[in-house]
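Just so it is clear, the structure is predicted and the values come from calculations on it, not from any experiment. Start at 1 and go down the list; that is how both ligands and their atoms are numbered.
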Amino acid sequence: MASTHGAEVLVASNRGPVSYEVIEDGSLLAKRGGGGLVSGLSAIGPETNAVWVCAALGGGDREAVRRAGGGLLPAEETGGQRVRMLDIDATVFSDAYNGIANSVLWFVHHMLYQTPLEPVFDAEFRRQWASYEAYNRAFAEALAEEAADGAAVLIQDYHLALAPRMLRRLRPDLRIGHFSHTPWAPPDYFRLLPDDIAAELLTGILGADRAAFLTQRWADAFTDCCHAVLGPGIPSGTRIGVHGLGADADFLRERAHRPDVDERMAALREEIGEGRRTIVRVDRTELSKNIVRGLLAYRQLLEDHPEWRERVVHLAFAYPSRQDLAVYREYTAEVERVAETINSVFGTEGWTPVVLHVKDDFARSLAAYRLADVALVNPIRDGMNLVAKEVPVVSDEGCALVLSREAGAYEELGEDAIVVNPYDIGGTARALHEALSLAGGERAERSKRLAAAATALPPAQWFLDQLGALER
Ligand code: F6P
């Protein structure tokens, strides 16, 4: 297919840099997001014709696509970026996003199944898989239409594992990269998938010139899966790369000192009470984040070390995520139940042991980062975990980091963190005690080293490196 629009750099991801809501008077409210891709695309400068292709996620987005006539969204709503949002049929989208991407691929890569009963790959799965293929095809076709001859296309994540190969067939001239933001499953777990599906996923990504990951561990797991499923060697000659996305220190430090953050700090100080230590966690309420075991470990700490009662508060921010899925709703309820139990068992007149907030508020998250004495990041498995990188950068007094060895961030931060097995409640409780007990000087030193490691590859450079690697 000939190029019609001539973009030289293209990004494709399920979630785009903007989302829309239809408000009461019928107008559209655009809400812009942040993250590595946004910084990256801003860094390449306006002289490069760049387009971001993403999916319409809900009714507001679909209305915005309709008002834009299916073309680029108005630049004033996207922060100047050229964004093409795809209005994929709502059922196809839901099957692909909720059904396959989030209920199968996410579960495989994060190893979340309770295997005696799941997964079940039946006729319903096959029906949803056809939607996942159609969703990937819609992206491949839009990218083929937008790209100039020889353009660079950076395709993101498990939602779009088939798109590289589909796009390669439509446009052999393009330079295609695929980036996985999740962990990659080891072969024994990956092979829970039906053999044909496992092979399709791998060959889909191998349609790219380069497949990149957040850590060497995930890159190696991908290569191991290729060997286990497809045989020795990487059949397509696809190059494998690693780009460990870091925290954006300049942005975070500036943003964390604005008045709205100061206001939130004052409110949090009220909730914490005078002179108490803080253990901070900030997550989407996501199964892989291991929030419930984090709370159980905190409870264990209060049992084993009564000297911390009244002297520490756990600030746990668990923001809604994927609430279309029953298992996420149930998990959210469990987080609330365990937090309430801790408060009713241990709480006193002037002390609430767990301060749980479930309403997403970025300024309040930054306020908690600034107040953190200890950051608790204990995922079952995580591609990177940027919270682990952000808290040491922002915390006012320097923080100790209790970090799961299963987070991608462990590769870079393990040395100065207090490392835990995320399933081990007793071990995590001991790590919390150790973190709370660290002498001020030692904590500040470690925090400084953590912040340096965490900011080694800022988002803009992370993106430019991937583009550069695609050119070579
Ligand atoms: O970690 C993979 C990822 O796609 C991230 O890029 C993103 O933060 C997260 O999952 C969000 O998922 P969703 O778009 O389903 O809310």
Can you confirm whether Y135 sits close enough to I100 that some side-chain heavy atom of one is under 4.5 Å from a side-chain heavy atom of the other? no
Nearest to atom 9 (C) of ligand 1, what protein heavy atom do you find, and at what distance?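 For atom 9 (C) of ligand 1, the nearest protein heavy atom comes out as R284 NH2, 3.7 Å.
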Check whether any N or O atom of R15, backbone or side chain, sits under 3.5 Å from an N or O atom of ligand 1, and answer yes or no. yes
For ligand 1, which is the ligand I care about here, please tell me if D157 has any N or O atom under 3.5 Å from one of the ligand's N or O atoms.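 Yes, there is a polar N/O contact under 3.5 Å.
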Residue Y97 vicinity, atoms of ligand 1 by number, heavy atom under 4.0 Å: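 Taking each heavy atom of Y97 in turn, ligand 1 has 13 (P), 14 (O), 15 (O), 16 (O) under 4.0 Å.
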Check each atom of ligand 1 against the heavy atoms of W106 and keep those under 4.0 Å away; list them by number with element.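 Taking each heavy atom of W106 in turn, ligand 1 has 1 (O), 2 (C), 10 (O) under 4.0 Å.
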Answer yes if a protein heavy atom lies under 4.0 Å from atom 7 (C) of ligand 1, otherwise answer no.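 Answer no: nothing from the protein, no heavy atom, is under 4.0 Å.
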At their closest point, which heavy atom of P392 faces which heavy atom of S447, and how far apart are they? O-OG, 3.7 Å
With respect to L154, which candidate in L470, L37, L10 satisfies the side chain to side chain contact (heavy atoms under 4.5 Å, CB included) definition?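 Testing L154 for a side chain to side chain contact (heavy atoms under 4.5 Å, CB included) against L470, L37, L10 leaves exactly one candidate, L470.
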F317 and its side chain to side chain contact (heavy atoms under 4.5 Å, CB included) partner, picked from R364, K359, R281: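 The single option meeting the side chain to side chain contact (heavy atoms under 4.5 Å, CB included) with F317 is R364.
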Could you measure the distance from the OG1 atom of T215 to the CD atom of E411? Nearest 0.5 Å is fine.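 Those atoms lie 4.0 Å apart.
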Full working for side-chain contact (heavy atoms from CB on, under 4.5 Å) between M111 and I380: CA-CA 8 Å; M111 307 203 309; I380 291 170; 5.9 Å; no
Can you figure out which of H181, R322, E286 has its heavy atom closest to atom 11 (C) of ligand 1? R322
